[in-house]
Asker: 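Here it is, the structure, as structure tokens.
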Amino acid sequence: MTGPRERAVAAYRAAYGEAPARLSYAPGRVNLIGEHTDYNDGFVFPCAIDRGTAVAFGQTSDAMIEVFSADYGETDRFDPTAAFDPAPGWRTHVRAVAAVFRARAMPIGGMRIAIAGNVPQGAGLSSSASLGVALGGAFDTAGALSQTELALIAQASENDFVGCACGIMDQLISARGEAGAALLIDCRSLDTTPVPLPNEMAVLIVHSGITRGLVDSAYNERRAACEAVAAHFGIGALRNLDAATLAAGQAELDPVAFRRARHVVTENARTLAMPVALAACDWTRIGALMAESHASMRDDFEITLPEIDRLAATLSVATGGVGGARMTGGGFGGCVVALTRQDRVATLKEAALNHFAAVGRAPSLIHACRPSAGLERFPYQN
């Protein structure tokens, strides 16, 4: 199957009648553990995946940006020096990244762009972050910005212009991912620690078939609840709250807000424990951490759905005690991720197919992947 890079080049040629000058590519991601901790200045443990978004581009003599989406067969044209003007669908994401460059006094000249990707939309695998980082890599024509700076630009495009109050995890792993490793990310300092995955370990992503949109979901409400609890305790973020202090103050908190905070506090602890278990291939501990994480998302943060709970439980049982499974992503749909031994993958895939047959839903993605590298920028060569 032709990948995003090849499709973006072909789309550029078809749209503009010439070859692009350069390519920018950024992957999606799967979060192994650490959900809704990033915007609380906590810890996350994702890896970049072998699916992503490619942007083929070339500069023009005028000031306009022309864009063609190979995935939608649609176009856009806008002035990057003008005030942000949202447009339908994917176009807003392109314009939003350009708007951040404008807001930071980093002018963008005229460009022709073609975009192609293969990260499923609404699957919790960061298709929008992949697009935002790849676009940032394209708009930074001089290559002057670091991977972290481009990640922050992509995050700002979501926060300030798209309307999603996401944390930094998705963009940072898309920009800085390392082949063969997951990254333990400190979302306050933005320090990253690569943790190589043992060769015997498999990462299996199973899309539930239920799509969701972060802007339209209760994501922003969850963030507001976390910030309210942090303010109650007089701290900057829930990263600074320990379980004992939270428990002691439970009576003073709204019960729902308490549960939201309890998820974040306990999820941070689980996230810090996971790299140690993973590096040692401690399958029992890995399974327990993933099960606890899913239960916390289900009961305290309330972002899972009954069908996704069943899928996670099915995959967990199929590991036979060798690993575990949990929902991954913002919630209210999307994917389940399983960590297991390579020789268990076929059993988990069969269990997933049986699950979809039972619920009457066609499988949209059952994908075993290895962690991939982050943002790539390179000249196009025929």
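What's counted below: heavy atoms across the whole structure, side chains too, no hydrogens, waters or symmetry copies. Please read these numbers as outputs of a predicted model, since none were measured by experiment.
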Asker: Spell out, yes or no, whether Val337 and Met201 are grouped together once hydrophobic residues are joined by side-chain heavy atoms under 4.5 Å, including indirect joins.
Answerer: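 Yes, it is one cluster - the side chains of Val337 and Met201 are joined through contacts under 4.5 Å.
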Asker: Does the Arg260 side chain pair with the main chain of Ala225, one donor and one acceptor, at a distance under 3.5 Å?
Answerer: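 Here the side-chain-to-backbone pair does not exist.
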Asker: May I ask whether Val206 and Leu353 are part of the same hydrophobic cluster, defined by side-chain heavy atoms of I, L, V, M, F, W, Y residues being less than 4.5 angstrom apart, directly or through others?
Answerer: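 Yes: a chain of side-chain contacts under 4.5 Å links Val206 to Leu353.
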Asker: Might you point out which heavy atoms bring Pro120 and Leu365 nearest each other, and give the distance in Å?
Answerer: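 Nearest heavy atoms, Pro120 then Leu365: CG-CD2, 3.8 Å.
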Asker: I'd like to know if Arg188 and Asp41 make a salt bridge, using a cut-off of under 4.0 Å between side-chain N and carboxylate O.
Answerer: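 A salt bridge is present here (some side-chain N lies under 4.0 Å from a carboxylate O).
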Asker: Using a 4.5 Å cut-off between side-chain heavy atoms of Ile, Leu, Val, Met, Phe, Trp and Tyr, which other residues end up in the same hydrophobic cluster as Tyr12?
Answerer: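 The other cluster members (ILVMFWY side chains, heavy atoms under 4.5 Å, direct or chained) are Tyr16, Phe68.
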Asker: Would the distance check show the side chain of Glu35 and the main-chain N or O of Gly329 forming a donor-acceptor pair, the cut-off being under 3.5 Å?
Answerer: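 Yes, Glu35 side chain to Gly329 backbone: donor-acceptor pair under 3.5 Å.
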Asker: When you compare the side chains of Ser69 and Asp71, does any donor N or O come within less than 3.5 Å of an acceptor on the partner?
Answerer: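 No, because no side-chain N or O of Ser69 sits under 3.5 Å from a partner of the opposite role on Asp71.
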Asker: Determine, stepwise, if the pair Asn159 / Cys164 fulfils side chain to side chain contact (heavy atoms under 4.5 Å, CB included).
Answerer: CA-CA 5 Å; Asn159 292 173; Cys164 177; 5.6 Å; no
Asker: Please step through side chain to side chain contact (heavy atoms under 4.5 Å, CB included) for the pair Lys349 and Leu204, ending with a clear verdict.
Answerer: CA-CA 9 Å; Lys349 287 183 176 180; Leu204 183 69; 4.1 Å; yes
Asker: Taking NZ, NE, NH1 and NH2 as the nitrogens, is one of them in Arg259 or Glu302 under 4.0 Å from a carboxylate oxygen of the other?
Answerer: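 Salt bridge between Arg259 and Glu302, a charged N being under 4.0 Å from a carboxylate O: yes.
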Asker: For residues 43-67, which residue pairs pass the ring-ring contact (aromatic ring centres under 6.0 Å, His included) check, not counting sequence neighbours?
Answerer: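 Qualifying pairs, neighbours excluded: none.
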Asker: Can you tell if the side chain of Met274 reaches within under 4.5 Å of the side chain of Arg285, non-hydrogen atoms only?
Answerer: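 Not touching, per the 4.5 Å side-chain cut-off.
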Asker: Which residues satisfy the ring pair (Phe, Tyr, Trp, His ring centres under 6.0 Å) test with Tyr25, sequence neighbours excluded?
Answerer: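 For Tyr25 there are no ring pair (Phe, Tyr, Trp, His ring centres under 6.0 Å) partners, ignoring immediate neighbours.
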Asker: Any sub-3.5 Å donor-acceptor pair from Thr37's side-chain atoms to Gly34's backbone N or O?
Answerer: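 Side chain of Thr37 to backbone of Gly34, a donor-acceptor pair under 3.5 Å: yes, one is there.
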Asker: Checking the side chain of Arg102 only, and the main-chain atoms of Ala82 only, is there a donor and an acceptor separated by less than 3.5 Å?
Answerer: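 Indeed, once roles are kept as given, a pair shorter than 3.5 Å links the two residues.
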Asker: Pair Thr266, Glu292 - check side chain to side chain donor-acceptor pair (under 3.5 Å), show working.
Answerer: CA-CA 9 Å; Thr266 58; Glu292 291 166 10; over 6 Å; no
Asker: For His207 and Phe356, which heavy atoms make the closest approach, and how far apart are they?
Answerer: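 Minimum heavy-atom separation between His207 and Phe356: O-CZ, 3.1 Å.
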Asker: Please list all pairs meeting ring-ring contact (aromatic ring centres under 6.0 Å, His included) that have one or both residues in residues 278-309, counting only residues at least two apart or in different chains.
Answerer: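 Sorted pair list: His36-Phe301, His263-Phe301.
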Asker: Which residues pass the ring pair (Phe, Tyr, Trp, His ring centres under 6.0 Å) test with Phe84, sequence neighbours left out?
Answerer: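 If we apply the ring pair (Phe, Tyr, Trp, His ring centres under 6.0 Å) test to Phe84, skipping adjacent residues, the hits are Phe161.
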Asker: When you compare the side chain of Trp90 with that of Val94, does any pair of heavy atoms fall below 4.5 Å?
Answerer: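 With C-beta onward as the side chain, the pair touches.
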Asker: Using only heavy-atom distances, determine whether the side chains of Asn31 and Thr328 contain a donor-acceptor pair under 3.5 Å.
Answerer: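 Not at all, the side chains of Asn31 and Thr328 share no donor-acceptor pair under 3.5 Å.
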Asker: With side-chain hydrogen bond (donor to acceptor under 3.5 Å, both in side chains) as the rule and sequence neighbours excluded, what pairs involving residues 196-206 come up?
Answerer: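 Not a single pair qualifies under side-chain hydrogen bond (donor to acceptor under 3.5 Å, both in side chains).
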Asker: Please enumerate all residues that pass side-chain contact (heavy atoms from CB on, under 4.5 Å) together with Phe233, with sequence neighbours excluded.
Answerer: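 For Phe233, the residues satisfying side-chain contact (heavy atoms from CB on, under 4.5 Å) (neighbours in sequence not counted) are Val229, Ile235, Leu241, Thr245, Leu246, Leu253.
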Asker: Between the main-chain N or O of Ala244 and the side-chain N or O of Asp242, is there a donor-acceptor pair closer than 3.5 Å?
Answerer: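 Such a contact is found between Asp242 side chain and Ala244 backbone.
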Asker: Group every Ile, Leu, Val, Met, Phe, Trp and Tyr by side-chain heavy-atom contacts under 4.5 Å, then state whether Ile49 and Ile366 land in the same group.
Answerer: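 Unlinked, Ile49 and Ile366 end up in two clusters.
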Asker: Using side chain to side chain contact (heavy atoms under 4.5 Å, CB included), reason through Asp76 and Arg95 one step at a time and then give a plain yes or no.
Answerer: CA-CA 9 Å; Asp76 192 24; Arg95 295 180 177 210; 2.8 Å; yes
Asker: Should side-chain heavy atoms under 4.5 Å link Ile, Leu, Val, Met, Phe, Trp and Tyr, which residues sit in the same cluster as Leu183?
Answerer: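 Leu183 shares its hydrophobic cluster with Val44, Leu152, Ile168, Met169, Leu172, Ile173, Ile185, Leu190.
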Asker: Could you measure the distance from the CG atom of Leu125 to the CG atom of Asn118? Nearest 0.5 Å is fine.
Answerer: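 Leu125 atom CG to Asn118 atom CG measures 10.5 Å (nearest 0.5 Å).
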Asker: Is Leu131 reachable from Val100 through a run of I, L, V, M, F, W or Y residues, each pair having side-chain heavy atoms under 4.5 Å apart?
Answerer: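 Yes: a chain of side-chain contacts under 4.5 Å links Val100 to Leu131.
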Asker: Between Ile308 and Gly333, what is the shortest heavy-atom contact and its length?
Answerer: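 Reported closest heavy-atom pair: CD1-CA, 3.4 Å.
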Asker: Assess whether a salt bridge exists between Asp38 and Arg223, defined as any Lys/Arg side-chain N lying under 4.0 Å from an Asp/Glu carboxylate O.
Answerer: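 Answer for the salt bridge query: no.
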Asker: Please confirm whether the backbone N or O of Ala87 pairs with a side-chain atom of Thr92, one donor and one acceptor, at under 3.5 Å?
Answerer: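 A pair under 3.5 Å: yes.
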Asker: If you look at every heavy atom in Met327 and Thr304, which pair is closest and at what distance?
Answerer: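 Met327 and Thr304 have their closest heavy atoms at SD-CG2, 3.9 Å.
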Asker: Within this structure, what is the CD1-CE distance for the pair Ile33 and Met297, rounded to the nearest 0.5 Å?
Answerer: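 It comes to 8.0 Å.
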Asker: Restricting to non-hydrogen atoms, name the atom on Gln147 and the atom on Ala175 that form the minimum distance, rounded to 0.1 Å.
Answerer: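 Closest approach of Gln147 to Ala175, heavy atoms only: NE2-O, 3.2 Å.
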Asker: Any sub-3.5 Å donor-acceptor pair from Arg5's side-chain atoms to Leu23's backbone N or O?
Answerer: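 Pair absent, no side-chain N/O of Arg5 close to backbone of Leu23.
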Asker: Apply side-chain contact (heavy atoms from CB on, under 4.5 Å) to Gln121 and list each qualifying residue two or more places apart in sequence or on a separate chain.
Answerer: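 Counting only residues at least two positions away or on another chain, Gln121 forms a side-chain contact (heavy atoms from CB on, under 4.5 Å) with Tyr72, Ser127.
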Asker: Do you reckon Leu311 sits in the same ILVMFWY cluster as Ile205, going by side-chain contacts under 4.5 Å, direct or chained?
Answerer: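 They do not share one cluster, since no chain of ILVMFWY contacts under 4.5 Å joins Leu311 to Ile205.
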Asker: If we ignore hydrogens and angles and just use 3.5 Å, is the side chain of Arg298 paired with the main-chain N or O of Pro306 as donor and acceptor?
Answerer: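 Checked: no pair found.
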Asker: Run the side chain to side chain contact (heavy atoms under 4.5 Å, CB included) test on Met111 and Glu66 for me, step by step, so that the C-alpha distance in whole Å, both residues' side-chain angles and the decisive distance to 0.1 Å come before the verdict.
Answerer: CA-CA 6 Å; Met111 297 179 71; Glu66 297 180 63; over 6 Å; no
Asker: Would you confirm whether Ser174, through its side chain, and Gln171, through its main-chain N or O, come within 3.5 Å as a donor-acceptor pair?
Answerer: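 Pair absent, no side-chain N/O of Ser174 close to backbone of Gln171.
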Asker: If only atom types and distance count, is the side chain of Ser372 paired as donor or acceptor with the main-chain N or O of Ala179 below 3.5 Å?
Answerer: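 A pair under 3.5 Å: no.
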Asker: Only counting residues at least two apart or in another chain, list the ones meeting side-chain contact (heavy atoms from CB on, under 4.5 Å) with Ser146.
Answerer: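 By the side-chain contact (heavy atoms from CB on, under 4.5 Å) rule, Ser146 matches Thr148, Glu149.
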Asker: Compute whether any side-chain donor of one residue and acceptor of the other, for Ser24 and Glu376, lie under 3.5 angstrom apart.
Answerer: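 Absent: no donor and acceptor within the cut-off.
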Asker: Scan for side-chain hydrogen bond (donor to acceptor under 3.5 Å, both in side chains) pairs involving residues 329-342, sequence neighbours excluded, and state none if there are none.
Answerer: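 Counting only pairs at least two positions apart or across chains, the side-chain hydrogen bond (donor to acceptor under 3.5 Å, both in side chains) contacts touching residues 329-342 are Arg341-Asp343.
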Asker: Which heavy atom in Val359 sits nearest to a heavy atom in Glu307, and how many Å separate them?
Answerer: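 For Val359 versus Glu307, the nearest heavy atoms are CG2-OE2, 3.7 Å.
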Asker: Between Asp170 and Arg29, is there a salt bridge with N-O shorter than 4.0 Å?
Answerer: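 Looking at Arg29 and Asp170, the cut-off is met.
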Asker: Find out whether Arg51 and Pro27 are in side-chain contact, i.e. whether some heavy atom of one side chain is under 4.5 Å from a heavy atom of the other.
Answerer: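 They are not in contact (no side-chain heavy atoms under 4.5 Å apart), so the answer is no.
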Asker: Among residues at least two apart in sequence or on other chains, which ones pass salt bridge (Lys or Arg N to Asp or Glu O under 4.0 Å) with Glu267?
Answerer: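 Testing Glu267 for salt bridge (Lys or Arg N to Asp or Glu O under 4.0 Å), a comparison that skips the adjacent residues, returns Arg270, Arg326.
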